Amino acid sequence: MCFSATASFLTAGVTCAVGIATLTKTDNVRELPLAATALFFSAQQAVEGWLWLTLPVDPAGATSLTLTRVFLILALMFWPVFAPVAALLIEPAKARRRIMQLCLLIGVAVAAYFASALSGGLHRAVIEGGHIVYHTGTSAPVPVGGLYLLATSAAFLASSHRAVSLLGAIVFVGSITAYLFYWEAFVSVWCFFAAASSVVILGHFIHLHAVRQPRVANS
């Protein structure tokens with residue numbers, strides 16, 4: 001998280017517990033990516049927690065650079081692809097699936113753009129103004145940022161599952177908030193909002209589990 005090592009590790013621990021609890025509530029392999037979302041956020045927050053510890057000591061060291069690369073890969077390349085896939089796998093409605101497939105294509109393109117940026121530029125993380133700010137060596141054009149937001153939130157918003165749609169709304173609002181108030185630390189702050197939304201996913205699977213149990217008992 002963008003505020004301190006303690007906050008990052010606390011968020012990592014909470015989202016890890018949420019992720020484990022969510023996985024115990026699903027028995028369908030197609031639901032596993034969505035159910036495991038909190039675990040990926042947990043790993044990402046743990047990486048940033050270690051960055052809070054290593055940057056003041058050795059900001060240009062191998063450990064800091066490796067952690068920075070891992071965080072940026074997750075934030076900029078992993079989520080634009082993973083989010084549409086997770087939503088698509090559990091969506092029954094054909095029209096909504098088409099929207100998600102479009103989001104996936106956009107996400108792949110966005111991930112490819114950032115892969116090129118990260119491979120060709122100097123990326124580093126610095127602590128500025130109480131936040132971790134990530135520099136990739138190049139500034140993404142505004143349209144790329146818009147496509148990133150589309151890939152990471154629109155697929156969830158299009159879901160016929162109410163909780164998943166709510167997740168998309170939280171991610172979208174979190175993105176706009178991070179953009180308006182924390183532009184320099186956008187990536188870090190956006191990931192905090194997204195990690196916090198993992199509780200919504202747990203609620204979704206608790207509800208599904210409660211609905212399915214009577215059916216199993218009667219079969």
Side-chain angles (χ1 to χ4, degrees), residues 1-20 22 33 36-83 86 107 110-111 114-115 117-119 121-140 144-145 148-149 151-153 167 170-202:
M1 195 163 94
C2 55
F3 306 113
S4 68
T6 301
S8 293
F9 287 126
L10 178 61
T11 304
V14 170
T15 51
C16 181
V18 168
I20 293 172
T22 304
T37 297
L39 294 180
F40 291 113
F41 278 125
S42 175
Q44 189 170 343
Q45 294 302 309
V47 168
E48 193 159 54
W50 282 112
L51 270 173
W52 274 105
L53 299 179
T54 60
L55 286 174
V57 178
D58 190 12
T63 300
S64 295
L65 293 177
T66 299
L67 290 170
T68 299
R69 177 179 285 270
V70 171
F71 184 91
L72 288 173
I73 288 173
L74 286 170
L76 301 178
M77 297 168 54
F78 175 77
W79 290 115
V81 176
F82 180 83
V110 169
F114 283 117
L118 292 178
S119 64
L122 176 64
H123 53 276
R124 61 190 179 92
V126 295
I127 298 175
E128 295 179 0
H131 305 288
I132 293 182
V133 178
Y134 296 89
H135 299 282
T136 61
T138 182
S139 297
V144 174
Y148 177 91
L149 177 58
T152 53
S153 62
L167 169 64
I170 294 173
V171 170
F172 180 80
V173 172
S175 299
I176 298 300
T177 302
Y179 181 85
L180 292 176
F181 297 102
Y182 302 97
W183 166 244
E184 290 188 348
F186 171 81
V187 172
S188 179
V189 177
W190 176 86
C191 290
F192 161 67
F193 278 107
S197 67
S198 60
V199 176
V200 174
I201 302 173
L202 175 59

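Fair warning: this is a prediction, and the values are worked out from it, not measured in the lab.
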Scanning both residues in full, the closest heavy-atom pair of Met77 with Ala115 reads CE-CB, 3.6 Å
Distance, nearest 0.5 Å, that separates CD1 of Ile201 from CG of Leu167: 5.0 Å
Let me confirm one number: the OG1-CG distance from Thr66 to Leu51, rounded to the nearest 0.5 Å. 10.0 Å
Find the distance between CG (Leu55) and OG (Ser64) and round it off to the nearest 0.5 Å. 4.5 Å
Quick one: are Trp79 and Thr37 in side-chain contact, heavy atoms under 4.5 Å? yes
Thr11 and Phe41: side-chain contact (heavy atoms from CB on, under 4.5 Å), yes or no, with the steps? CA-CA 9 Å; Thr11 304; Phe41 278 125; over 6 Å; no
Smallest heavy-atom separation, Gly49 atom then Ala5 atom, equals O-CB, 3.9 Å
Where is the tightest heavy-atom contact between Val171 and Ser153, given as atom of each residue plus distance? CG1-CB, 4.0 Å
Less than 4.5 Å apart, any side-chain heavy atom of Leu53 and any of Phe9? yes
Looking only at heavy atoms, which two atoms of Trp50 and Leu67 are closest? And how far apart? CB-CD1, 3.6 Å
Looking at Ala125 and Ile132, what are the two nearest heavy atoms and their distance? CB-CG2, 4.0 Å
Partners meeting side chain to side chain contact (heavy atoms under 4.5 Å, CB included) with Thr6 (sequence neighbours left out): Ser4
Quick one: OG1 on Thr152 to CZ on Phe82, what's the gap to the nearest 0.5 Å? 13.0 Å
List for me each residue that meets side chain to side chain contact (heavy atoms under 4.5 Å, CB included) alongside Ala12, sequence neighbours excluded, and say none if there are none. Ser42, Gln45, Ala46
Output the distance between atom CD (Gln44) and atom CZ (Phe78), rounded to the nearest 0.5 Å. 9.0 Å
With side-chain hydrogen bond (donor to acceptor under 3.5 Å, both in side chains) as the test, pick out the partner of Tyr134 among His123, Glu48, Arg124. Glu48
Which pair of non-hydrogen atoms, one from Leu118 and one from Leu72, has the smallest distance, and what is that distance? CD2-CD1, 3.9 Å
Looking at side-chain heavy atoms only, is the closest gap between Phe114 and Val110 below 4.5 Å? yes
Those residues at least two apart in sequence (or on a different chain) that pass side chain to side chain contact (heavy atoms under 4.5 Å, CB included) with Ala151 are Pro80, Ile106
Quick one, Thr54 and Asp58 - any side-chain contact, counting heavy atoms below 4.5 Å? no
